[in-house]
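Note that the structure is a prediction, hence the values are computed from the model and not measured.
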Amino acid sequence: MTHFTISEPLLLYTFPLEAKKQEKLDAFLLLLEKSGAWKYLNEVRLDSELGRPQINKFRLFSAIVYCFALGKSSLREIEAACYYDLRVVYLIGEDRPSSSTISRFISLLENCITPIFISIVQAIVEEFAIGLDTVFLDGSKFEANSNKYKFVWKPTTFHLRLSEKALNLLRLMHLSDDVPKDGIISSKLLTEKLTESQKIDPELIEGGETALKKMRSQLYEYLIQSVEYEEKEAICGPDRNSYYKTDHDATAMCLKEDYYSGLGSQMHAAYNTQIVVCRGIIVFYYLSQDRSDTRTLIPTLEGFKSMYGCYPKRICADAGYGSFANYKYCNTKGIEAFIKYPSWNGERTGRYPAVYEYLEDGTVSCLGGRTGNRVEIPNRHPKTQQSAFYKVENCTNCQFMAYCRRFMKEKEGNERIFEVMPEYVTLKQGARDRLLRPEGIEMRVNRSYQVEGTFGVLKQNMAYTRFRRRKLAKVRLEFALTCLGLNIRKFLKFKKSGKLPTYWKVPEGLEAETFKKPSAKRIANRLKKRKNLQPNEIAKRGYRRKGMR
């Protein structure tokens with residue numbers, strides 16, 4: 001090896017390294033050498049302190065990545081490992097970098113961590129002959145390194161109220177001719193109006209010079225407040241509604257584990273992470289400020305395409321990604337999407353079956369078996385341009401009427417009108433049919449331990465539950481090193497056997513799964529039981545209050 005080499009200057013080790021561990025470390029260094037990561041590390045310039053020789057950056061990089069694989073991601077832990085962990089000492093040699101040197105070197109990797117990650121992952125893919133046709137996607141929120149309860153909400157509503165007050169004041173000062181009547185008044189325009197107010201004749205204002213001075217003072221306060229609001233809105237950006245004072249890129253989110261007062265009851269500074277997993281290896285990562293996973297699928301797959309030059313043939317994800325935009329995107333790109341939709345679990349178990357089915361001839365079939373046709377309703381328009389109204393008649397004697405109209409104000413009637421988006425319903429039903437096939441069962445079972453198991457290794461085995469760095473770019477760098485460390489961890493574990501664990505296969509003869517259609521009696525008993533619940537029991541069980549009334 002030319003770059004990732006090791007040296008043994010000491011004649012005798014007090015505590016020699018075991019042969020098996022040494023073989024693993026040699027395999028790790030050989031992987032780094034084959035990957036070509038040294039090409040990108042050559043661009044990193046780590047200037048040493050005056051009078052000291054420069055630290056070997058290739059050894060330092062290998063030691064840092066291996067520390068992340070061991071679950072040691074803080075600077076102090078890496079520094080201590082360079083002194084006391086024989087495995088890390090074997091990698092780094094005589095160098096003993098301080099925490100500040102390690103921090104400076106990690107910061108220099110910010111611009112080249114993506115190609116380094118790609119090269120190492122591709123080397124692992126070639127080593128184990130992994131095909132990237134089938135991938136699994138999931139996301140999780142990690143807490144940011146920010147002071148708690150220091151979040152700032154986007155002041156859009158307050159800014160609108162301030163603009164209304166400023167507009168009324170400008171009308172009293174006879175300066176509202178070129179001011180917009182609706183929306184937000186910018187601070188630049190308020191500054192211009194404040195300058196023009198200096199030229200106003202006091203006789204034109206009711207109250208004279210005294211009233212004019214008060215108006216100018218009030219307009220100046222509005223200007224200061226408007227500048228403050230605009231600064232907060234600029235920090236938030238167009239796609240989020242909050243930020244934290246100590247980390248402007250962190251967003252207020254509800255986490256699954258809340259150490260204050262229960263599940264999802266408090267806001268925490270956090271980032272949303274997405275990983276694409278294939279055979280237990282993280283082949284792509286994505287970090288965003290979105291509070292939900294719905295809008296992260298498209299940028300994640302686009303990043304996968306830019307990394308590997310093609311889209312995966314099959315992708316499996318949970319119900320958090322089941323939206324019209326995601327289904328349409330996968331259909332356009334030729335990706336077979338095994339993605340659940342939000343009502344999947346209720347329909348599969350029969351607890352909350354779908355009230356209608358969209359048919360190929362352009363009609364709908366309700367739960368009671370009646371056919372509905374498309375109609376035009378005067379003085380009523382669909383919510384979206386792609387939606388249409390479908391009318392089902394003769395509902396009086398239907399045994400499912402109580403369930404079908406449980407969220408409607410009128411609980412009885414001879415007809416029911418559905419607002420249907422045909423394209424979305426067609427894509428959703430196609431995803432449902434794929435998930436019910438034996439292949440879909442296989443994908444769902446594999447997703448449970450492929451991608452969710454990967455997050456379990458990150459959070460439990462590697463004890464990584466919170467970011468240590470601030471700002472989006474540095475957090476993305478830290479998460480990339482963490483994902484790289486997990487891949488090295490898997491590589492060293494299965495290097496001896498030469499292959500990763502295979503996918504779970506559907507046993508031969510297993511039939512496709514079908515939805516359970518409940519009986520009318522079962523639905524009636526369930527509605528009766530829910531109706532008799534007390535308000536505190538309704539909140540405890542998570543039922544919708546709207547459906548109880």
One should read off an interatomic distance between R216 CZ and I205 CD1, to the nearest 0.5 angstrom, of 9.0 Å
Could you tell me whether K428 sits above the aromatic face of Y341, with NZ or CZ closer than 6.0 angstrom to the six-membered ring centre and within 45 degrees of the axis? yes
Value for NZ (K305) from CD1 (I335), rounded to nearest 0.5 Å, stands at 10.5 Å
Less than 4.5 Å apart, any side-chain heavy atom of L175 and any of S197? yes
Practice task
Any chance you could lay out the side-chain contact (heavy atoms from CB on, under 4.5 Å) test for M173 and L212, step after step, and finish with the verdict?
Solution key: CA-CA 8 Å; M173 301 174 70; L212 181 59; 4.3 Å; yes
Q.
Check this for me, if you would: do E452 and R447 make a salt bridge, where the nitrogen-to-carboxylate-oxygen distance has to be below 4.0 angstrom?
A. yes
Item to check | K213 backbone acceptor or donor facing S217 side chain under 3.5 Å | outcome: no
With sequence neighbours left out, the residues meeting side-chain contact (heavy atoms from CB on, under 4.5 Å) with L172 are M215
Side-chain ion pair, E478 and K474, N-O less than 4.0 Å:
no
Near E231 CD, under 6.0 Å, is it more than 12 heavy atoms from other residues, nucleotides or ligands?
no
ask   = Side chain of K313, backbone of T134: donor and acceptor closer than 3.5 Å?
value = no
Identify every side-chain donor-acceptor pair in residues 107-116 under 3.5 Å, counting partners at least two apart or on other chains, and give the distances.
residue	atom	partner	partner atom	Å
S107	OG	S103	O	2.9

*N487 (side chain) donor-acceptor with I282 (main chain) under 3.5 angstrom*: yes
Worksheet entry | Step-by-step side-chain contact (heavy atoms from CB on, under 4.5 Å) determination, R469 to I106 | CA-CA 11 Å; R469 290 160 181 80; I106 292 178; 3.5 Å; yes
Q) Got a donor-acceptor contact below 3.5 angstrom from the T251 side chain to the Y271 backbone? A) no
For L219 and L169 the tightest heavy-atom approach is N-CD2, 3.6 Å
For L160 and G183, the nearest pair of non-hydrogen atoms, with its separation, is CD2-C, 3.9 Å
Quiz item: Under the 3.5 angstrom rule, does the side chain of R240 hit a backbone N or O of D290 as a donor-acceptor pair?
Solution: no
**Asked** Does atom CD of E209 have more than 12 heavy-atom neighbours from other groups under 6.0 Å away?
**Response** yes
Applied to residues 289-322, the ring-ring contact (aromatic ring centres under 6.0 Å, His included) test, sequence neighbours excluded, yields F304-Y308
Next on the checklist: Is the distance from the ring center of F418 to that of Y356 below 6.0 Å?
Outcome noted: yes
Looking only at heavy atoms, the pair that brings E230 and S186 closest together is OE2-CA, 3.4 Å
### E376, CD atom: more than 12 neighbouring heavy atoms under 6.0 Å
no
Rounded to the nearest 0.5 angstrom, the CZ-CZ distance for F338 and R314 is 5.5 Å
Applying side-chain contact (heavy atoms from CB on, under 4.5 Å) to A63 and not counting sequence neighbours gives V88, I92
Can a side-chain donor-acceptor contact be found between Q274 and N272 if the only test is distance below 3.5 angstrom? yes
Q.
When you measure from the side chain of R416 to the backbone of C404, do you find a donor-acceptor pair of N or O atoms at a distance under 3.5 Å?
A. yes
| Less than 4.5 Å apart, any side-chain heavy atom of L194 and any of L223? | yes
Side chains of E415 and V392, heavy atoms from C-beta outward: is any pair under 4.5 Å?
no
### Donor-acceptor contact present, side-chain T195 to main-chain T191, <3.5 Å
yes
Q: Take E79 and R76, measure what salt bridge (charged side-chain N to carboxylate O under 4.0 Å, His left out) needs, and give me the verdict at the end.
A: CA-CA 5 Å; E79 180 186 15; R76 297 296 181 183; 3.5 Å; yes
Evaluation steps, salt bridge (charged side-chain N to carboxylate O under 4.0 Å, His left out), between E419 and K383 = CA-CA 8 Å; E419 183 175 346; K383 295 180 181 179; 5.1 Å; no
#### Entry: Criterion side-chain contact (heavy atoms from CB on, under 4.5 Å) on L297 and C330, from CA distance to verdict
CA-CA 10 Å; L297 183 137; C330 293; 4.1 Å; yes
Closest non-hydrogen contact found for S242 with C236 is N-SG, 3.8 Å
Check your understanding: Any side-chain heavy atom of M267 sitting closer than 4.5 Å to one from F151?
Key -> yes
Looking only at atom types and distance, does a side-chain atom of S74 sit under 3.5 Å from a main-chain N or O of E77, one as donor and one as acceptor? yes
Q.
Is it the case that over 12 heavy atoms from other parts of the model lie below 6.0 angstrom from the CG atom of D201?
A. yes
Output for pair (Y243 OH, I235 CD1), nearest 0.5 Å, gives 4.0 Å
T273 side chain near Y286 side chain, heavy-atom distance below 4.5 Å: no
Does any N or O in the side chain of K411 come within less than 3.5 Å of the main-chain N or O of R406, such that one atom is a donor and the other an acceptor?
yes
- Task: Examine the side chains of N326 and S323 and answer whether a donor and an acceptor come within less than 3.5 Å of each other.
- Result: yes
Going by the angle between their ring planes, with limits at 30° and 60°, are Y464 and F142 parallel, tilted or perpendicular? tilted
Hey, is the main chain of S146 close enough, under 3.5 Å, to the side chain of R470 for a donor-acceptor pair?
no
Ring geometry between Y358 and Y390 (parallel below 30°, tilted from 30 to 60°, perpendicular above 60°): perpendicular
Note: L190 and A166 closest approach over all heavy atoms is CD2-CB, 4.0 Å
Can you confirm whether more than 12 heavy atoms, excluding those of K214, are under 6.0 Å from its NZ atom?
no
Notebook entry, point to check: R432 and E357: salt bridge (charged side-chain N to carboxylate O under 4.0 Å, His left out), yes or no, with the steps?
Noted result: CA-CA 12 Å; R432 179 198 63 190; E357 179 84 7; 2.8 Å; yes
On a heavy-atom basis, the closest approach of Q289 and M253 is O-CE, 3.6 Å
Does the side-chain contact (heavy atoms from CB on, under 4.5 Å) test come out yes or no for I102 and I64, once each step is laid out?
CA-CA 8 Å; I102 297 171; I64 290 174; 4.0 Å; yes
So side chain to side chain donor-acceptor pair (under 3.5 Å) across residues 160-179, not counting sequence neighbours, yields D178-K193
Do Y329 and E302 have side-chain atoms, one donor and one acceptor, less than 3.5 Å apart? yes
Residue set satisfying side-chain contact (heavy atoms from CB on, under 4.5 Å) with M307, at least two apart, ordered chain then number -> F117, I118, F284
Note to self: Assess, by modelled atom type and distance only, whether the side chains of E233 and Y229 contain a donor and an acceptor separated by less than 3.5 Å.
What the structure shows: no
Rounded to the nearest 0.5 Å, the NE2 atom of H159 sits from the CG atom of L162 at a distance of 6.0 Å
| field | K328, NZ atom: more than 12 neighbouring heavy atoms under 6.0 Å | value | no
